[in-house]
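Within every chain, numbering begins at 1; the chains are lettered A, B, ... in the order of the sequence lines, protein sequences first and strands thereafter.
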Amino acid sequence: MALLLVALLVALTAPLAGAALAVATRDTRRAVRLGTAAPAVAFAAALVLVAASGLDPSAGAAIDWLDASVDRTSALLIAVVMATATVVAGFSSRSLDDDGRTRRYFALIGIVASGSALVVVPAAPVLLVVGWLASGWALVELVGFASPWAPARRAQRRIRLTLLTGDVALVAAVTLATALSDGLLTGNAPAAVVDLRSRSVVGLPAVHVVMLLVVAAGASRSALVPFHRWLVGTLTAPTPVSALVHAGVVSGAGLLLLRFAAPFVASGPAVVAAFGLGLATLALASAAMLVRSDVKGTLAWSTVAQMAFMVVQCSVGAFSSAVFHIAGHGMYKAALFLGAGDTVAAGLRDRRRPPGLYRLGRPARLLASAAIATASVALVTAAVRPDVSPAGRVLIVVFGWLTVACALHGWLRRAPFPPAASVAAGALGSLLSTLVYIGGLRLAEWYLKPSLRDVPSATVIGPWMLLAALGLLAGSAAIVAALPGAPGAALRSRARHLVVGLSDPRPPAPRWPIVPDRAGPQPFAVRPASATRRAEIRADVARAAAVVAPQWPLASFIAVNPLGGLESEGFDNAAALARRWRGARTHQRLEDYRRDHDRGLTRLADLAHVAFYRFTDRCERGPLAIDGQLLYPHDVIVADLLHGPESEAPAKPPTAVQRRELPAADELIDDVVSSWLAAYIHPPRWRAHHPGEGFVAMSRRLMVDDPRLRRVLSGPARHWVRSLDDDPAAVIDASLAVSGVADDRRGDELRSHLCQLPGWAGLARWRSEWAQPTEPTAALAPLDIVAVRALLEAAVIGSTASHVDPGADPPPSSRPLEQPDVADADLDARVAAVAAVLAPAGTERDRAAIRAVLAEVPGASRASMWLEAQERAFDTRLLSLLDRLDPGKRVERPEAQIVFCIDVRSEGLRRRVEASGAVETIGFAGFFGVPMRVRKLGWDHHEPRCPVLVSPAIGASEQARHQAIELTARAVTRQRAAAAGQAAHSGAKYGPGSPFALAEGAGWLLGPHAARRTFLPGPAAEPAIPPTRMTLDDDEVLLDQRVFFAESVLRTMGLTDWFAPLVVLCGHTSRTTNNAHGTALECGACGGAAGDDNARAVAALLNSPDIRHGLRERGIAIPDDTWFTAAVHDTASDRVTLLDTVDVPAGHHAVLDRVDGVLKEAGALNATARAVHLPGPAARVRERGADWAQVRPEWGLARNAAFVIGPRSVTAGLDLEGRAFLHSYEADDDPTGRVLETIMTAPLIVGHWISAQYYFSTVDPEIFGAGDKLLHNPIGTVGVIAGDRGDLRVGLPLQSTHLNGRPFHQPVRMLAVIQADLVRIEAIIANNPILRTLTSGSWLRMAARSHPHERWSTRTASGTWIQTPRLFDLDPVLTPRKEDA
Amino acid sequence: MNNWTGLTPMARIEVVIDGEHVPTIRDLLLASGATGYTALHGVSGFGHGGQHEGRLLFNDRNSLSLLISVVPIERAESLVAGIRRVLDTTHGVMFVSETHVSRPAYFTPTPDGADPG
């Protein structure tokens, strides 16, 4: 018994001890280890308890003074709680950055774990209360963990209030119970129940009062009606916290009802109350799940429904089923939440799978599903014979049947085999899964029977009552779903609005007066807009939309310049406009620049140089005498740069409703419009929009009836909305008139609307300006978004008493539309700071002298001076490194040539490959010059594989090899089966009443799977190389055209002679898991996908005899013994896989093996070098991609800074630290300059986009970046929102640009380094407006030299070339490596 | 139909504009009731913005495009107003001329198209 005592103590308190130690220790890493180990230790102890109670069910009172005992139920539940906590802690250990609050996080997890365990263990009532309160408190703290973020704080407040009700109820119940009886919770339940029955409180039998309070407490903790709204608010917490909440804490009702099982069953009113609340919540939450477009929102409502199901199980007396459910569902939800990042990849995979081959008609499907489900359930129930009350049996049978039927229906919808085989396979599957499910339940019943022997298994809810209630629910649902015609549609619409209203966390009550039926002039006079006016509005919206950049969907993320629409303004003006209109930072904070300076990224000489050239007039006025020293004006400015106070952050200009001081209206409008956009772009299961409806039409229809707007829109407002037509421009005109916006301010107003929803606006820009014609996503344009948002704003304004008639002057309190630029840091403060450093003992005269200088230096210009200084320092270092003689062109034939993508991640690999000897490397855009659309094996559609600047010109398809047709056919069938399996899973997840048994059962499989993924991530699986070949479609395009492609590829690469025997085209990809932004790491030149298809197709093209013949005629003679082959470089693991090796002729096998060996070695070395900058064990750096908890599988293109165009000899052997794009170019082989122009107008532009994306995502991660990955909530494959509502996030996530809260990427503008004739470069710039814009606007810097023996010259924005000075005092290293200050 | 060839007069609108802004012009054309347009991409030239190279090998967006559309004269006003608005802030030119077509119904939108207003 001593063992049991120890085990119990350890199981209960280990996490708590871990928490305490974690807070006490100084070292974060140790805190993390403690925080992860403590629940693991508790889990081990719990396993001991499980074993002990398993062997001897009557393992009795283990701790007398706490009245604690352990039985099978509590042992099992403690084990599950601790297992979940361990997995969550393990996941968090790799996904949380160290920003100073990590220790607190792990401490809170420990408290939640221990608290939950205390609730479960039969012990003194005070422990129950302590555990309950502690876990609730810690939960709320964890939910607000991202607390600087306002939505998290708000969610925290609301949740705290909701849970408080339950806490009070529980305390009252326990107090009453302990006062009026003895041993209720500690082993003498039946006697205690008798006591409670006989006593009374406020005129009612005590047992009823106590149990109703307990039911209330449970309802609050498990989010039952009316407390159902709090759970979806927890989505503002990081993912692991959500997993913990949904897996552990939220099952409070079930845990309580288990503890109070005996009195509960004895109290009819309590049982009925629980049953009623449970069923009502079940219905509401199941419906609420179907109207959400975001993954986490769907999961959250699913949890609410599951908790309701659990309470229903308890209220019919099926307690062992409830325990099975708590455990199974907990593991299921934890696994799904932790793996939410897989949504995008899973969606892509599903889209690419072949469709079902054999379509069964709908009636046949329904019949087959129903019949097979009935047969399975009947057979298994007869065989296994569940040992629960009749009502419990009804639950098992009904819900088991529903799950099996829905899963089967999904399977048959994408039947992968001929009909008979599919049905047979489905039948087998359903029989097996039913057996597993009901068998599992039976096992649970048997196992838990000894610990539940005091609990009667039947309650007042009999099987017929249950069936009647379920029948009522099912009947109503069926009527709503199936009623035909217009009444049906109206009913469905009403029902949907009801569900949305009941499930949305209550919007803040409007604090502005609504005038329902205002007297006097109506603000809603409709005046039709002329066609001219509407055209002008369209033009204005297009112009306003320049302020947001197009945003590609996550299925194919493309890095773009967030200020791309403002490029023509030049960098400084565009940045100023971004600050004014979007309230965004456009430069780092001064403290970040200073920190970089301390690390050596800038030198005083750079600062002085920049200060001097910026303020030449001032600085040329000669030195000043300050405090007895002779100081130059630039010294004063540099002192301000180094020590002056920060400038203020910019603020966004107010919108129309803000100007009218309608508090919180903006939030409401943005929330509602965002939810409509989400429902439109990624329709949920229960669609909101009618087929063929555009966004404006759908929104107008919803606006009139949306319950969230009920209280803010008056009757006339709704009537007006209904009366408008669907032309977005007309809607905008009418709305601006109602909002009182004059024509001359229209442009600013439109821009302001777009800036409130820049993520959705960016997606709309992509959809209307860049998407392929075959794009399946619904059509959306910025015009539509502005129309809807302006309309809603106008409706709100028109409903309020503060409406101003058009033509009247704006009220004096309204603020101007434009904010002034960043407020200047107070000049006095700057003078004081500088004086403190330069002249500490100085006089007023000294300060006046300093003031005179600083008065001419705007505070806001300091950041841009720092930027220039950093760029100057970088340029100097890079150009010094490159300042050496070019050894000249190759003179002998290399053994092999490998063509890599220009991507910066190739740089390290290329260096190491070349170090081995006779392998030459070439840099070229990763799509290898052929803009193609690809159709892979089994696909029914094409996908583009080229830069987004080009349209695909030719098709390519993957076909089975002759000798492997059957193998390939089987692979396709496997894919079909996988798709059908996925459909079965979705069918069960979203079908009517089907998720409950699914979660219960599947959890027991997914739980251990999640644990394995967390603790044993395992090496990345070697990708299976399919026995296929990839070829360009030669029927579509003539031979001449294909020869032209081949020629342009080779000429642009500079590979027209000296071909090696083996030429490898090496595309790149990044294999990561559980990463919503995974495509951001793929090849941008291939449209955000892997480059292996292009490599294979182009290699096949260049091997073709016809093509080679044609090339020979055009002057490129490829030797007969040269063979092109393909490879793919996985940048996450630095493994290079050779493709299509079976095609390589026998004579080349030796070289191929050598190349393979070289690549393996180079990959290993490169990975080791990369490991220096990545947190975590260096030995596992190559497995980061396979680790689902890893938020930073690789650094991607972070720290990119330069683009080198020239022969490899310019950069060979130099360690450029993975910071440069390298494009091969031989000026001698380019007599007309066309090749250089091609490179400068395509790959260089793409490089600039990448550089700008990383720049702005680093300087303002909230506005130009997507923020913390752990808060991301995917919406299909389109994008992510943060939390449970709001705008789409744009740009790169925080973990791609920052480390531990500090920038990892150095935000500087890209430097293009070109070895070519300067005159030619100037001509190309002169001929191409885009290059003129980028160079004269200072978006891109440029350096060049005409000949290898010349010095490098830098180009100024105005077009003059200045030779860079040679500096001898620099270490030959690109980035200084002084320790962090 | 009142001219020497017996054809119907219509307005011909030609716009030379940067590839980036083609979607905007396209949208204006279709919203104003044009039943179609012709687009020539990768045109070269010389103008206020400087020299414009023609078709680039790997870039369809940063070269000039020429859009040609024919609309009934009563619809030209709104379309021209919209395009003028766009050209207020970007480089590009617009030419409006009278032309004649033999199939006026081809270029006139059906009644449920955008109304002239």
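Here the side chain of B/Asp60 pairs a donor or acceptor atom with the backbone of A/Ser951 at under 3.5 angstrom. Looking only at distances, a side-chain donor or acceptor of A/Arg1332 sits under 3.5 Å from a matching main-chain atom of B/Gln51.
More than 12 heavy atoms of other residues, nucleotides or ligands lie within 6.0 Å of CZ in B/Arg85, so this atom counts as buried by the packing criterion. More than 12 heavy-atom neighbours from other residues, nucleotides or ligands sit within 6.0 angstrom of CD on A/Glu569. Shown here is B/Arg84, whose CZ atom has no more than 12 heavy atoms of other residues, nucleotides or ligands within 6.0 Å.
Of the residues considered (A/Pro1329, A/Pro528, A/Ala545), A/Pro1329 shows the highest number of contacts with chain B, using heavy-atom pairs under 4.5 Å. Per-residue heavy-atom pair counts under 4.5 Å with chain B were compared for A/Ser568, A/Ala925, A/Gly929, and the maximum is reached by A/Gly929. Heavy-atom pairs under 4.5 Å with chain A were tallied for B/Val22, B/Leu28, B/Asn59; the largest tally goes to B/Asn59.
In this structure, A/Asn1328 and B/Leu56 have side chains that are in contact, with non-hydrogen atoms separated by less than 4.5 Å.
Expressed to the nearest 0.5 Å, how far CZ of A/Arg538 lies from OG1 of B/Thr24 amounts to 11.0 Å. Atom-to-atom distance recorded for A/Ile1330:CD1 and B/Asp18:CG is 7.5 Å, nearest 0.5 angstrom. To the nearest 0.5 angstrom, B/Ser63 atom OG is 12.5 Å from A/Asn1327 atom CG.
The nearest pair of heavy atoms linking B/Gly82 to A/Ala539 is O-CB, 3.4 Å. Scanning both residues, B/Phe58 and A/Ala1242, for their nearest heavy atoms gives CB-CB, 3.4 Å. The two atoms that bring A/Ser768 and B/Pro23 nearest to each other are O-CB, 4.3 Å, heavy atoms only. A pairwise comparison of heavy atoms in B/Ser78 and A/Ala535 identifies O-CB, 3.2 Å as the closest pair.
Using a 4.5 Å cut-off between heavy atoms, A/Phe1045 does not touch chain B at all. For a residue to count as touching a neighbouring chain, one of its non-hydrogen atoms must lie under 4.5 Å from one of that chain's; by this rule A/Arg1234 touches chain B with the side chain only.
Of the candidates A/Thr1238, A/Thr1241, A/Ile1239, B/Leu57 forms a side chain to side chain contact (heavy atoms under 4.5 Å, CB included) with just one, namely A/Thr1238.
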